[in-house]
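Numbered from 1 within each chain, the chains take letters A, B, ... in sequence-line order.
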Protein chains: 2
Amino acid sequence: MLKLSRLTDYAAVVMAQIARHPQASHAAADLAEAVQLPHPTVSKTLKMLVRAGLLASQRGAQGGYRLARPASQITAADIISAIEGPVAMTECSQAQGECELAATCGVADNWQRVSLAIRTLLESVTLAHLAASSPLKLPVQLPIQSISLSAVSA
Amino acid sequence: MLKLSRLTDYAAVVMAQIARHPQASHAAADLAEAVQLPHPTVSKTLKMLVRAGLLASQRGAQGGYRLARPASQITAADIISAIEGPVAMTECSQAQGECELAATCGVADNWQRVSLAIRTLLESVTLAHLAASSPLKLPVQLPIQSISLSAVSA
DNA sequence: TTAATTGGGTACCATTTTAGTCCTGTATAA
DNA sequence: TTATACAGGACTAAAATGGTACCCAATTAA
């Protein structure tokens with residue numbers, strides 16, 4: 001399925017919720033309530049996001065979480081790697097030279113290029129885009145196909 | 001990590017191996033030997049690839065597997081979905097209307113667009129590209145960033 | 001200064017997914 | 001007819017994932 005883990009999904013939803021009210025400080029319990037998810041799980045996600053430097057936390061009464069930087073400077077790739085680690089399609093596209101099958105594999109280089117393309121795409125989508133209620137109007141279909149065509153003809 | 005499962009990885013390697021010798025019929029054991037992976041596991045992936053219509057199998061002596069269609073007409077997305085099911089980043093980007101959190105989520109639409117962009121990208125990479133020994137010269141970085149910029153400014 | 005609030009960290013358990021193995025059946029070619 | 005090779009399914013082991021509980025630390029307000 002090449003899908004995000006459920007926690008990553010939660011993280012995105014929670015980040016979007018915070019991004020829609022950037023001034024306020026958000027308690028974990030309030031966020032859990034707002035997005036209708038179990039408190040401890042949301043809490044866990046929030047901690048990971050803090051550790052990744054995407055959220056800032058304030059302890060004590062009236063404390064809570066807020067964005068560490070503007071939503072336009074937080075990317076989908078940031079959120080994904082905060083929860084799942086670096087975006088990479090295969091083992092060898094992250095740690096180079098650790099695959100003993102490299103000799104017989106023969107597709108590693110090309111997978112890495114595909115990985116890079118996906119990473120670049122995810123870095124181009126910001127939290128501001130995700131949180132926007134009106135759908136992103138990325139003209140994805142035509143331009144990306146034109147990329148592939150130019151690659152084929154090259 | 002947003003990574004492919006190991007079986008998908010194997011599938012790509014095996015498909016590439018077959019694609020490099022399109023005339024021959026490849027026995028499962030030979031393929032396993034060639035790519036240095038356990039026979040039964042390779043066998044399993046081969047069966048999945050047949051079921052997905054990417055490979056044709058021939059039983060009996062001198063039998064084996066060969067591509068069901070030219071390598072240029074088999075995409076990375078085909079291989080991935082043969083093993084993992086449809087490419088989709090979130091639960092709700094495949095089966096619509098089955099997420100009871102849709103009301104509080106607020107990011108579903110945009111994730112679906114990102115999913116679509118990735119799927120389109122993966123459909124633009126063919127087995128012929130993957131199997132090529134010379135790396136794909138996809139001009140990924142510039143064009144994709146230009147897409148994102150146009151989306152931001154739109 | 002004390003109590004209430006709120007995040008931080010850790011350890012643990014249940015579930016699901018993934019990977020790998022084995023066995024038996026069936027088709028084909030020599 | 002026999003050796004070869006794929007087909008299908010059941011089963012098991014291991015790992016990742018998701019969720020819970022518990023207790024500690026920091027901050028604020030009464």
Side-chain angles (χ1 to χ4, degrees), chain A residues 1-14 18 24-68 80 82-85 88-91 101, chain B residues 1-14 18 24-68 80 82-86 88 90-91 101:
Chain A
M1 254 259 275
L2 195 77
K3 74 163 182 247
L4 301 175
S5 85
R6 219 184 304 180
L7 282 185
T8 308
D9 207 344
Y10 297 169
V13 173
V14 168
I18 297 176
S25 199
H26 301 264
D30 295 345
L31 288 170
E33 170 64 23
V35 301
Q36 287 291 300
L37 292 171
H39 299 209
T41 302
V42 169
S43 221
K44 195 176 185 178
T45 313
L46 289 167
K47 281 179 233 171
M48 290 194 260
L49 292 166
V50 169
R51 223 172 303 151
L54 305 185
L55 289 179
S57 66
Q58 175 71 35
R59 289 186 176 191
Q62 309 305 314
Y65 296 90
R66 50 184 77 216
L67 298 183
I80 294 171
I83 309 293
E84 324 199 4
M89 298 201 56
T90 55
E91 293 297 340
L101 299 175
Chain B
M1 257 259 275
L2 193 75
K3 75 165 179 245
L4 300 174
S5 86
R6 219 185 304 180
L7 283 186
T8 309
D9 207 343
Y10 296 169
V13 173
V14 169
I18 297 176
S25 199
H26 300 263
D30 295 346
L31 288 170
E33 171 64 21
V35 301
Q36 288 291 300
L37 291 171
H39 299 207
T41 302
V42 169
S43 221
K44 192 176 185 177
T45 60
L46 288 168
K47 283 179 230 172
M48 290 194 258
L49 291 166
V50 169
R51 222 172 303 152
L54 304 185
L55 288 180
S57 65
Q58 174 71 34
R59 291 186 175 189
Q62 308 306 314
Y65 296 91
R66 49 183 79 215
L67 298 183
I80 294 172
I83 309 292
E84 324 198 3
T90 54
E91 291 298 339
L101 299 175

* To do: Could you tell me whether the phosphate oxygens of dG18(D), OP1 or OP2, come under 4.0 Å of any side-chain nitrogen or oxygen in S5(A)?
  => yes
* Hey, does the side chain of Y10(A) come within less than 4.0 Å of dT17(D)'s phosphate (OP1/OP2), counting only N and O? -> no
Rounded distance in Å - [atom1] ([X]) to [atom2] ([N]):
{"X": "Y65(A)", "N": "dA26(D)", "atom1": "OH", "atom2": "P", "value": "15 Å"}
{"X": "H26(B)", "N": "dC6(D)", "atom1": "NE2", "atom2": "C1'", "value": "15 Å"}
{"X": "E84(A)", "N": "dA15(D)", "atom1": "CD", "atom2": "C1'", "value": "16 Å"}
{"X": "L54(B)", "N": "dC6(D)", "atom1": "CG", "atom2": "C1'", "value": "17 Å"}
{"X": "M48(B)", "N": "dA7(D)", "atom1": "CE", "atom2": "C1'", "value": "13 Å"}
{"X": "K3(B)", "N": "dT17(D)", "atom1": "NZ", "atom2": "C1'", "value": "13 Å"}
{"X": "R51(B)", "N": "dG9(D)", "atom1": "CZ", "atom2": "C1'", "value": "10 Å"}

What is the distance from atom [atom1] of [X] to atom [atom2] of [Y], rounded to the nearest 0.5 Å?
{"X": "I80(A)", "Y": "L4(A)", "atom1": "CD1", "atom2": "CG", "value": "5.0 Å"}
{"X": "I18(A)", "Y": "L55(A)", "atom1": "CD1", "atom2": "CG", "value": "4.5 Å"}
{"X": "Q58(B)", "Y": "S25(B)", "atom1": "CD", "atom2": "OG", "value": "6.5 Å"}
{"X": "I83(B)", "Y": "K44(B)", "atom1": "CD1", "atom2": "NZ", "value": "10.0 Å"}

* Just call it for L46(B): base, sugar-phosphate, or nothing, with non-hydrogen atoms closer than 4.0 Å on any strand. => nothing
* Asked: Base, sugar-phosphate, or nothing: which does A29(A) touch, judged by heavy atoms less than 4.0 Å apart?
  -> nothing
* Structure fact -> Smallest heavy-atom separation, A82(B) atom then A52(B) atom, equals CB-CB, 3.4 Å
* Asked: Which atom names give the shortest non-hydrogen contact between A32(B) and H39(B), and what distance separates them?
  -> CB-CD2, 3.5 Å
* Asked: Quick one: on DNA chain C, does T8(B) or A61(A) contact a more 5' nucleotide (nearest heavy atom)?
  -> A61(A)
* Structure fact -> In the 5' to 3' direction, the nucleotides of DNA chain C bounding the stretch that comes under 4.0 Å of a heavy atom in chain B are dA19(C) to dA29(C)
* Donor-acceptor pair, E84(A) side chain versus T8(A) backbone, under 3.5 Å? -> no
* Has the side chain of T41(B) got a donor or acceptor atom that lies under 3.5 Å from a matching backbone atom of L37(B)? -> no
* Structure fact -> Note: for K47(A) and Q62(A) on DNA chain D, the residue whose nearest nucleotide lies more 5' is K47(A)
* To do: Using the test side chain to side chain contact (heavy atoms under 4.5 Å, CB included), find all partners of A34(B) that sit at least two apart in sequence or belong to another chain.
  => Q17(B)
* Under 4.0 Å from any atom of DNA chain C, heavy atoms only: list the residues of residues 38-45 of chain A that qualify, in numerical order. => none
